[in-house]
*Asks:* 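If you scroll down you'll find the structure; I have some questions about it.
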2 protein chains.
Amino acid sequence: MSAEARPAVPAAPPLTERQEARRRRILHATAQLASRGGFDAVQMREVAEAAGVALGTLYRYFPSKVHLLVATMQDQLQHLHTTLRKRPPVADGAAQRVAETLMRAFRALQREPHLADAMVRALTFADRSVSPEVDTVSRQTTAIILDAMGLENPTPEQLSAVRVIEHTWHSALITWLSGRASIAQVKIDIETVCRLIDLTDPERRPTA
Amino acid sequence: MSAEARPAVPAAPPLTERQEARRRRILHATAQLASRGGFDAVQMREVAEAAGVALGTLYRYFPSKVHLLVATMQDQLQHLHTTLRKRPPVADGAAQRVAETLMRAFRALQREPHLADAMVRALTFADRSVSPEVDTVSRQTTAIILDAMGLENPTPEQLSAVRVIEHTWHSALITWLSGRASIAQVKIDIETVCRLIDLTDPERRPTA
DNA sequence: CGCTAATCTAGAACAAGTTCCACACTTGAT
DNA sequence: ATCAAGTGTGGAACTTGTTCTAGATTAGCG
């Protein structure tokens, strides 16, 4: 139960400089290819070639295509989080700030819809073998949302709301990526779900 | 905008009896295999063999593995909806009834977790070429939820809430299937998102 | 420096989704 | 009954993710 235990990731062995460079080249090539044609355009052989690395090496660094794309998403989320920290949302009220933050993220994704496709599809297609990595993405997303809310010690109720917001975020992205929902529709869904934040704000409705 | 247009599905050509039987055998074989080992266990060659049909024929009926599994989901949802109509939820309040309905569906899925895995993974992995079919699933789900709410003429606001509930439903299922969330966690998420229903009930908060 | 273990490389091999092809069988219209 | 078009069959072939192997390279260490 404690946050100490890290059973699945005992410790990433420290990488040499060349290895770090390889890893970076791989992720870069992946993002490049993904930006072109989405999930299908990320072909392991091509990634390996573009990164100047043997196929076997690629698989040593990332044990599957999904691992590779989830790692790419971690990378992108990192950037996003940094950017957001520099320019926090300005809206009034936690709900509005979260909605603003997610809409900003959404606009960033719209600039590279194919890349978004590759990352999100990988994320939801991931099976148990990728759970630790997907979990990291989930924690990053949670951190971004909590940041936007400006909370230090969220209540369990608020954490539930955040979970539901993440669910909606992922699923709404999918419907948009597969052309079943418009940008406007996604916006409405995000705003709708963000209402849950006010609903679970102990300031407003003290212990319901 | 009108609900009349059906651009992508001009009209399914009527199937002969033998064809209907083939289709049924295919779907049955699919559900069977999926129940065993989930998405990966549904192998097109095996489905074809189990259904007593040539591989090419299988592909004539369902143009991809994802199409096949989404069709399976349509089938299962049909069953579920029929069952639910016979025994509607009994809880007080729209939100409670929807939560009850979804939890019932969730328990049904728990009985065949591998089948659930196959169907849900296919659903979220589906690309644009499967949009019409996925949309059908979405409409079925919407119908089930609206039934539970007991609504004839939902407001746009209520429809938004329903959309968000569907998002949460799908995404929560995925986190459960990939072992990142417990059954209890899914329950909490469902109950949390269902609160949106009360929030958008014009009876309770007349035009906010 | 010289050795050993780990890492990389090139490429073959394998697995499963998908496509193709040549031929057999229904079916429906004449 | 017969012919043409459409449908189904069996199986090969192609694609791309993944695994495996044998031989170079590299890194750390005495």
Side-chain angles (χ1 to χ4, degrees), chain A residues 11-26 29-30 33-34 36-72 117-119 121-123 125-130 133, chain B residues 11-27 29-30 33-34 36-72 117-119 121-122 125-130 133:
Chain A
L15 298 183
T16 73
E17 206 162 322
R18 297 168 61 103
Q19 288 177 319
E20 192 54 53
R22 266 192 212 103
R23 201 188 121 90
R24 213 111 281 300
R25 285 207 307 279
I26 292 173
T30 302
L33 286 170
R36 291 243 187 296
F39 189 89
D40 294 329
V42 178
Q43 301 195 354
M44 300 303 271
R45 287 172 234 267
E46 285 196 42
V47 172
E49 190 183 4
V53 130
L55 189 55
T57 305
L58 172 53
Y59 273 96
R60 174 186 284 273
Y61 281 72
F62 302 96
S64 78
K65 175 169 171 174
V66 169
H67 281 86
L68 174 57
L69 284 169
V70 171
T72 302
D117 171 77
M119 296 189 304
R121 294 262 291 287
L123 204 65
F125 191 60
D127 67 356
R128 299 180 110 85
S129 71
V130 204
E133 288 80 5
Chain B
L15 298 183
T16 72
E17 206 163 320
R18 298 166 61 105
Q19 288 178 320
E20 192 54 54
R22 265 191 212 102
R23 201 188 121 91
R24 212 110 282 299
R25 285 205 307 279
I26 292 174
L27 286 177
T30 302
L33 287 170
R36 292 242 188 296
F39 189 89
D40 294 329
V42 178
Q43 301 194 355
M44 300 304 270
R45 289 171 174 83
E46 284 196 43
V47 172
E49 189 183 5
V53 131
L55 188 54
T57 306
L58 173 54
Y59 273 96
R60 175 186 284 272
Y61 280 72
F62 302 96
S64 79
K65 176 170 171 172
V66 169
H67 281 85
L68 174 58
L69 285 170
V70 171
T72 301
D117 171 78
M119 295 189 304
R121 295 264 290 288
F125 191 59
D127 66 356
R128 298 180 111 84
S129 71
V130 204
E133 289 78 5

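Values reported hereafter were calculated over all heavy atoms of this structure, with side chains retained and with hydrogens, waters and symmetry mates removed. Sequence lines set the chain letters: A, B, ... in the order given, protein chains first and strands last, and positions in each chain run from 1.
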*Asks:* Which atom names give the shortest non-hydrogen contact between A:Ala34 and A:Ala118, and what distance separates them?
*Replies:*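 For A:Ala34 versus A:Ala118, the nearest heavy atoms are CB-CB, 3.8 Å.
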*Asks:* Side chain of B:Tyr59 only, heavy atoms from C-beta on: which candidate in C:dG17, D:dT18, D:dT9 is closest?
*Replies:*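 Selected nucleotide (nearest to the side chain): C:dG17.
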*Asks:* Compute both the distance and the angle, then confirm whether B:Lys65 meets the cation-pi test with B:Phe125: under 6.0 Å from the six-membered ring centre, within 45 degrees of the axis.
*Replies:*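 So B:Lys65 doesn't make the cation-pi contact.
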*Asks:* So which nucleotide from C:dT18, D:dG10, C:dA13 ends up closest to the side chain of B:Arg45?
*Replies:*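 Nearest to the side-chain atoms of B:Arg45, counting from C-beta on, is C:dT18.
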*Asks:* From the list C:dT9, D:dG17, C:dA16, which nucleotide is the closest neighbour of the side chain of A:Lys65?
*Replies:*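 Closest nucleotide to the A:Lys65 side chain: D:dG17.
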*Asks:* Just how far, in rounded Å, is C1' of D:dT26 from CD of A:Glu20?
*Replies:*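 So the CD-C1' distance, A:Glu20 to D:dT26, works out to 18 Å.
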*Asks:* If I compare all heavy atoms of B:Leu68 with all of B:Leu58, which pair ends up nearest, and what's the gap?
*Replies:*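 The pair with the smallest heavy-atom distance is CD2-CD1, 4.4 Å.
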*Asks:* Quick one: B:Met44 CE to D:dA13 C1', roughly how many Å, whole number?
*Replies:*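 Value for this atom pair: 17 Å.
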*Asks:* Could you tell me how far apart B:Leu58 (CG) and D:dT7 (P) are, to the nearest whole angstrom?
*Replies:*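 Going from CG in B:Leu58 over to P in D:dT7 covers 16 Å.
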*Asks:* Checking the side chain of B:His67 only, and the main-chain atoms of B:Ser129 only, is there a donor and an acceptor separated by less than 3.5 Å?
*Replies:*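 A pair under 3.5 Å: yes.
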*Asks:* What contact category does A:Ser64 fall into here, base, sugar-phosphate, or nothing, at under 4.0 angstrom with non-hydrogen atoms?
*Replies:*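 Here A:Ser64 touches the backbone only, sparing every base.
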*Asks:* Rounded to whole angstrom units, what separation is found between the CZ atom of A:Phe62 and the P atom of D:dG17?
*Replies:*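 In whole Å, D:dG17 P lies 16 Å from A:Phe62 CZ.
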*Asks:* Using whole Å, report how far CD of B:Gln19 lies from P of D:dT9.
*Replies:*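 In whole Å, D:dT9 P lies 11 Å from B:Gln19 CD.
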*Asks:* Is the number of heavy atoms from other residues, nucleotides or ligands under 6.0 Å of B:Glu20 CD greater than 12?
*Replies:*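 Check passes, neighbour count above 12.
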*Asks:* If only side-chain N and O atoms of A:Arg18 are considered, is one of them under 4.0 Å from the OP1 or OP2 phosphate oxygen of D:dA27?
*Replies:*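 Looking at the OP1 and OP2 atoms of D:dA27, one of them is under 4.0 Å from a side-chain N or O of A:Arg18.
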*Asks:* Using a 4.0 Å heavy-atom cut-off, does A:Val42 contact any base of the nucleic acid, only the sugar-phosphate backbone, or nothing at all?
*Replies:*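 Since only primed, P, OP1 and OP2 atoms lie under 4.0 Å of A:Val42, the category is sugar-phosphate.
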*Asks:* Take atom OH of B:Tyr61 and atom P of D:dG8, then tell me their distance rounded to the nearest Å.
*Replies:*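 That distance rounds to 4 Å.
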*Asks:* Measure from the side-chain heavy atoms of B:Leu55 and tell me the nearest of D:dT9, C:dT19, D:dT19.
*Replies:*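 Selected nucleotide (nearest to the side chain): C:dT19.
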*Asks:* Starting at atom CZ of A:Arg22, determine the distance to atom P of C:dT7, rounded to an integer number of angstrom.
*Replies:*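 Between P of C:dT7 and CZ of A:Arg22: 11 Å.
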*Asks:* Using whole Å, report how far CZ of B:Arg60 lies from P of D:dG10.
*Replies:*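 Going from B:Arg60 (CZ) to D:dG10 (P), I get 15 Å.
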*Asks:* For B:Val66 and for B:Thr16, locate the closest nucleotide of DNA chain C by heavy-atom distance; then report the residue assigned to the nucleotide nearer the 5' terminus.
*Replies:*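 The 5'-side residue here is B:Val66.
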